[in-house]
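We use all heavy atoms of the structure for the numbers below, so side chains are in, but hydrogens, waters and symmetry mates are not. Chain identifiers are assigned alphabetically (A, B, ...) following the order of the sequence lines, protein sequences preceding nucleic acid strands; residue numbering begins at 1 within each chain.
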Number of protein chains: 2
Amino acid sequence: MARSYEQGCHIARALDVLGERWTLLIARELVAGSRRYSDLLEALPGIGTSLLAARLKHLEQHRVVRQVTLPGPGRTAAYALGERGEALMPVLAALSEWGGGLPDTPPGYADNPVWSIIALRLRACAEAASFGILTELTVGGTTVWLQGDGERVRMETGPAPTNPGLRLTCAKDTFYALVKGRATVEDALSSGQLAIDGEAADGQHFFDLFRLPRAA
Amino acid sequence: MARSYEQGCHIARALDVLGERWTLLIARELVAGSRRYSDLLEALPGIGTSLLAARLKHLEQHRVVRQVTLPGPGRTAAYALGERGEALMPVLAALSEWGGGLPDTPPGYADNPVWSIIALRLRACAEAASFGILTELTVGGTTVWLQGDGERVRMETGPAPTNPGLRLTCAKDTFYALVKGRATVEDALSSGQLAIDGEAADGQHFFDLFRLPRAA
DNA sequence: CGGAATCCTCTTCGATACTG
DNA sequence: CAGTATCGAAGAGGATTCCG
């Protein structure tokens, strides 16, 4: 059993489950879809193999994470968010928002386009669930797909499983600027850094739902 | 310098500052108003004096916490939330909400009415700032006062500094039930477990703003 | 080969004692 | 009252080995 603060306070109880090192970063990775053990090891350099196994076991016990079997050949085992993991979105969203207010990232820090995609997705926890169009999003060479089902947004890494209704492609730095609110969709489109493949109206709807900045 | 994940991701950057043991619980304490060093030691049993000093120093550097001088005789030094600490409210609110969904608290855990008051206050980050009436709230013998100034809610532990416009008194277990959504204001009032001292309309307005459950 | 337990070293934590 | 100093215990990081 993990160390506990032994306080009835809901914040303390949450931190009993989530507060140890690496725990919330594992959850962050799973926001972008299911991941194999080795995917997580790669995404979290420094974690150490036994610690990752211990954290996953702990999170599984608390239904933050659940094991899934990946489709396709190989029947690979992987991890995805469980019920309590889905409920973590607001926590991760608040942390992401707060972290965005910190001074600029020091040099040498790792950089992964999927983190910005996750930040985008976390900003629209509830509203974006209504966006039912299968959308493929490519940022700086990283591709994910997402689709709302009315209740939540499903998101996975990799190309869309069927032909997407909307395909968005964006240069990495432009996407960072969009998510940080330092550039507008119109500028990104006209400079060719952002491209919409599909109905233009669907693209605009996507930008609105995920609160990307529009021209002033 | 504390250990860092060295990832540009905003969530990881936030956790670099907030993710170590005890850090967010220090912030939680300060949501209920300024605290002296010894107050914090008492509120966080197990923390160890050097660790508390180290955490406070670290949080001060990141402007999550700032030092203040308490009014009144003694000119006691104390700690309060800094700019980034005020911005932490949504993070703490999300954690509190998530922690409320966990299974019931195991026996033996510490219990403090102020934690429920904090949970209440965190639920109404923005809206409640408009509640300008100086309000004194007593739950199970713990008294705090709070007042909105249009921008944020100010809250301090202890009796109100001047004559409050509204005074609410509630039995501990009833207040817990109200905050958890397991009881209604009307039931609590009619059973005498909750009492309003002041304009009845102000009390109702307070309950609405802080989303206490009303009769079905 | 991917998934995980073992071993060892280093860092962090917790408790007590001590100081301005 | 507000911290610093110290030290044993627990946790984390890295390499290697084991299992399927």
Side-chain angles (χ1 to χ4, degrees), chain A residues 1-7 12 15-26 29-30 33-61 65-80 108-110 157-158, chain B residues 1-7 12 15-26 29-30 34-61 65-80 110 157:
Chain A
M1 180 63 189
R3 182 154 34 173
S4 166
Y5 291 112
E6 306 208 351
Q7 298 190 341
L15 292 172
D16 279 348
V17 176
L18 307 169
E20 284 165 311
R21 195 162 161 79
W22 297 111
T23 303
L24 281 168
L25 291 190
I26 293 171
E29 283 303 308
L30 300 183
S34 53
R35 292 277 187 279
R36 290 169 306 173
Y37 185 88
S38 51
D39 296 330
L40 292 171
L41 268 186
E42 194 180 0
L44 305 171
I47 190 178
T49 65
S50 33
L51 193 59
L52 176 57
R55 290 286 185 272
L56 285 170
K57 207 161 291 177
H58 177 240
L59 288 173
E60 219 179 320
Q61 270 167 6
V65 153
R66 75 194 148 93
Q67 281 191 272
V68 296
T69 306
L70 250 43
R75 306 203 164 318
T76 330
Y79 296 89
Y109 277 38
T157 306
Chain B
M1 182 61 189
R3 182 156 26 176
S4 165
Y5 292 112
E6 308 208 351
Q7 297 191 340
L15 292 172
D16 280 349
V17 176
L18 307 170
E20 284 165 310
R21 196 162 162 77
W22 297 110
T23 304
L24 282 168
L25 292 190
I26 294 171
E29 283 303 307
L30 299 181
S34 53
R35 292 277 189 278
R36 291 170 306 175
Y37 187 86
S38 50
D39 295 331
L40 292 170
L41 270 185
E42 194 180 359
L44 305 171
I47 191 178
T49 65
S50 353
L51 193 58
L52 175 57
R55 289 289 184 271
L56 286 170
K57 207 163 288 173
H58 177 239
L59 288 173
E60 220 179 319
Q61 272 168 3
V65 152
R66 73 196 150 94
Q67 281 191 275
V68 296
T69 307
L70 250 42
R75 306 202 165 317
T76 330
Y79 297 88
T157 305

Exercise. Which nucleotide sits closest to the side chain of Arg3(B): dG13(D), dA4(C), dT4(D)?
Worked result: dG13(D)
For this session: State, without any angle test, whether Ser4(B) and Tyr109(A) hold a side-chain donor-acceptor pair at a distance under 3.5 Å.
Result: yes
Exercise. Quick one: is dC13(C) close enough that its OP1 or OP2 comes under 4.0 Å of any side-chain N or O from Arg55(B)?
Worked result: yes
Exercise. What's the CG-C1' distance between Leu41(A) and dA12(D), to the nearest Å?
Worked result: 15 Å
Problem set entry | Side-chain N,O (Arg21(A)) to OP1/OP2 (dG13(D)) below 4.0 Å | yes
For this session: Write down the distance between CD (Glu20(B)) and C1' (dA12(D)), rounded to a whole number of angstrom.
Result: 12 Å
For this session: Specify the separation, in whole Å, of atom CD of Glu42(A) and atom P of dG3(C).
Result: 12 Å
Problem set entry | Leu44(B) CG to dC13(C) P, straight-line distance once rounded to whole Å | 14 Å
Exercise. Within the structure, does a side-chain N or O atom of Ser50(A) lie under 4.0 Å from either OP1 or OP2 of dA4(C)?
Worked result: no
Seminar exercise, completed: Whole-Å distance, Leu15(B) CG to dA12(D) P, equals 14 Å
Problem set entry | pair Glu20(A)-Arg21(B): side-chain heavy atoms closer than 4.5 Å | no
For this session: Measure the distance from CZ on Arg36(A) to P on dC1(C) and round it to the nearest whole Å.
Result: 13 Å
Exercise. Does a nitrogen or oxygen in the side chain of Tyr37(A) sit under 4.0 Å from OP1 or OP2 of dA5(C)?
Worked result: no
Problem set entry | Nearest listed nucleotide, side chain of Thr49(B), among dT6(C), dT4(D), dA4(C) | dT4(D)
For this session: Without swapping roles, check the side chain of Tyr37(B) against the backbone of Thr49(B) for a donor-acceptor pair under 3.5 Å.
Result: yes
Problem set entry | Interatomic distance, Tyr5(A) OH vs dG14(C) C1' [rounded to whole Å] | 13 Å
Problem set entry | Heavy-atom check, side chain of Leu56(B) versus side chain of Tyr79(B), under 4.5 Å | yes
Exercise. Are Lys57(B) and dT4(D) close enough that a side-chain N or O sits under 4.0 Å from OP1 or OP2?
Worked result: yes
Exercise. Could you state the CG-P distance from Leu25(B) to dG14(C), rounded to the nearest angstrom?
Worked result: 11 Å
For this session: Would you mind telling me which residue lines up with the more 5' stretch of DNA chain D, Leu51(A) or Tyr79(B), judged by nearest nucleotide?
Result: Tyr79(B)
Exercise. Is the backbone of Ala43(A) close enough, under 3.5 Å, to the side chain of Arg35(A) for a donor and an acceptor to pair up by distance?
Worked result: no
